[in-house]
Amino acid sequence: TDDTNLPRIDYSPYSGAGSCGHWLFEPQSTNFITYSEDFSQWSVSNSTIVSNSVISPNGIQNATTWNVNTTSAKIQKPTSGLITAQQYTFSIYIKADAAMNIGITYDTGTATNIAVTTEWQRYEVTQTASSTTRYPQLKYNGDLGTAYIWGAQLEQQSFATSYIPTNGSTVTRLQDAAFGAGSIDLINS
């Protein structure tokens with residue numbers, strides 16, 4: 001929720017508890033990708049995109065169709081303001097018409113292969129920045145086809161936190177905190 005002083009509830013499965021709702025407490029994080037949903041602001045090479053063509057994981061028709069129609073297909077977003085030698089995690093929601101392999105990276109190294117399915121799933125890769133400007137990207141990695149993308153995020157963490165939408169600038173979500181919640185022995189980090 002974007003409301004102040006209301007807890008966020010996470011229903012994702014966690015160790016031994018199934019999918020019961022639990023409070024979500026996260027550290028402060030910044031999404032360095034300035035257009036997390038508008039892929040028309042990204043650099044598209046040897047492929048085509050269609051904006052607002054599919055229902056995204058948030059239930060709105062604002063996801064993008066990415067047609068991977070050549071072996072050199074790529075979509076990337078130059079991102080600056082990073083700290084060299086620090087870990088960053090690039091995450092993005094993707095699904096496809098049929099199972100396909102896509103490469104995901106944010107640094108200049110070899111892309112990590114991800115096996116995309118027909119269901120929305122958040123994929124992530126953690127790498128160490130080799131420069132203050134990097135290029136979060138998706139690219140051809142063995143299969144041609146149609147993929148759908150939404151919710152890109154690049155943050156200075158060794159893991160992905162919950163999605164932080166952006167539209168033209170970086171956005172920072174402050175650390176979650178609980179006050180008057182009882183013993184710190186019961187509700188720790």
| request: Compare every heavy atom of Lys95 with every heavy atom of Val54, then report the nearest pair and how far apart it is. | output: CG1-CE, 4.2 Å
| request: Could you tell me whether a side-chain N or O of Asn101 sits under 3.5 Å from a main-chain N or O of Asn141, the two making a donor and an acceptor? | output: no
| query | Just how far is it from atom NZ of Lys139 to atom CD1 of Ile75, taken to the nearest 0.5 Å? | reply | 14.0 Å
| task | With Phe90 as reference, evaluate Thr126, Ile104, Thr79, Thr112 under the side-chain contact (heavy atoms from CB on, under 4.5 Å) test and give the passing residue. | result | Ile104
| Which distance, rounded to the nearest 0.5 Å, do you find between the OG of Ser91 and the CD of Gln153? | 4.5 Å
| request: Calculate, to the nearest 0.5 Å, the distance between atoms CZ and OG belonging to Phe32 and Ser169 respectively. | output: 12.0 Å
| query | Between Tyr35 and Asn167, is any pair of side-chain heavy atoms under 4.5 Å apart? | reply | yes
| query | Is there a donor-acceptor pair under 3.5 Å between the side chain of Asn58 and the backbone N or O of Ile60? | reply | yes
| message | To the nearest 0.5 Å, what is the distance between OG1 on Thr128 and CD on Gln86? | response | 8.5 Å
| field | Any donor-acceptor pair under 3.5 Å from Glu26 side chain to Ser162 backbone | value | yes
| field | Co-membership, hydrophobic cluster, residues Ile49 and Ile33, 4.5 Å side-chain | value | yes
| message | For Ile114 and Gln121: C-alpha separation, side-chain torsions, deciding distance, then whether side-chain contact (heavy atoms from CB on, under 4.5 Å) applies. | response | CA-CA 11 Å; Ile114 55 173; Gln121 185 174 341; over 6 Å; no
| request: Following the transitive rule for hydrophobic clusters with a side-chain heavy-atom cut-off under 4.5 Å over Ile, Leu, Val, Met, Phe, Trp and Tyr, establish whether Ile94 and Leu144 coincide in one cluster. | output: yes
| Side-chain (Thr65) to main-chain (Ser53) donor-acceptor, under 3.5 angstrom | no
| said: Tell me whether Tyr88 contacts the main-chain N or O of Ile83 through its side chain, where contact means a donor paired with an acceptor under 3.5 Å. | reply: yes
| query | Without hydrogens or angle criteria, can the side chains of Thr34 and Thr166 be said to hold a donor-acceptor pair below 3.5 Å? | reply | no
| message | Can you give me the closest heavy-atom contact between Tyr123 and Ala115, atom names plus distance? | response | OH-O, 3.3 Å
| So, do Thr105 and Tyr135 sit near enough that their side-chain heavy atoms are less than 4.5 Å apart? | no
| said: Would Thr172 and Gln28 count as a side-chain contact (heavy atoms from CB on, under 4.5 Å) here? Give the steps. | reply: CA-CA 7 Å; Thr172 299; Gln28 177 174 309; 3.7 Å; yes
| query | With Phe39, which residues qualify under ring-ring contact (aromatic ring centres under 6.0 Å, His included), at least two apart? | reply | Trp42
| Nearest 0.5 Å, what's the OG1-CZ distance between Thr30 and Arg173? | 9.0 Å
| request: State, with a plain yes or no, whether a side-chain heavy atom of Ser47 is found less than 4.5 Å away from one of Asn69. | output: yes
| said: Taking Tyr106's backbone N and O only, do any of them form a donor-acceptor pair with Gln127's side chain (distance below 3.5 Å, no angle check)? | reply: yes
| message | Through direct or indirect side-chain contacts below 4.5 angstrom among Ile, Leu, Val, Met, Phe, Trp and Tyr, which residues connect to Ile164? | response | Val171
| task | Look at atom CD of Glu119 and say whether more than 12 heavy atoms of other residues, nucleotides or ligands are closer to it than 6.0 Å. | result | no
| request: Please answer whether the main-chain N or O of Pro165 pairs with a side-chain N or O of Ser36 as donor and acceptor at a distance below 3.5 Å. | output: no
| remark: Smallest heavy-atom separation, Leu82 atom then Ser131 atom, equals CB-O, 4.1 Å
| Between Gln61 and Asn52, which heavy-atom pair has the shortest distance, and what is it? | NE2-O, 3.1 Å
| query | Is a donor on one side and an acceptor on the other found under 3.5 Å between the side chain of Glu37 and the backbone of Thr64? | reply | no
| message | Do Phe159 and Leu154 sit in one hydrophobic cluster, given that two such residues count as connected whenever their side-chain heavy atoms are within less than 4.5 Å of each other, even indirectly? | response | no
| task | Consider only side-chain heavy atoms of I, L, V, M, F, W and Y, link residues closer than 4.5 Å, and tell whether Val50 and Tyr140 are in one cluster. | result | no
| field | Asn31 side-chain N/O to Ala152 backbone N/O, donor-acceptor pair under 3.5 Å | value | yes
| Geometric class of the Trp150/Tyr93 ring pair [parallel <30°, tilted 30-60°, perpendicular >60°] | tilted
| field | Heavy-atom donor-acceptor pair, Thr133 side chain to Ser80 backbone, under 3.5 Å | value | no
| query | In Å and rounded to the nearest 0.5 Å, what is the CD1 to CD1 distance from Ile149 to Ile102? | reply | 8.5 Å
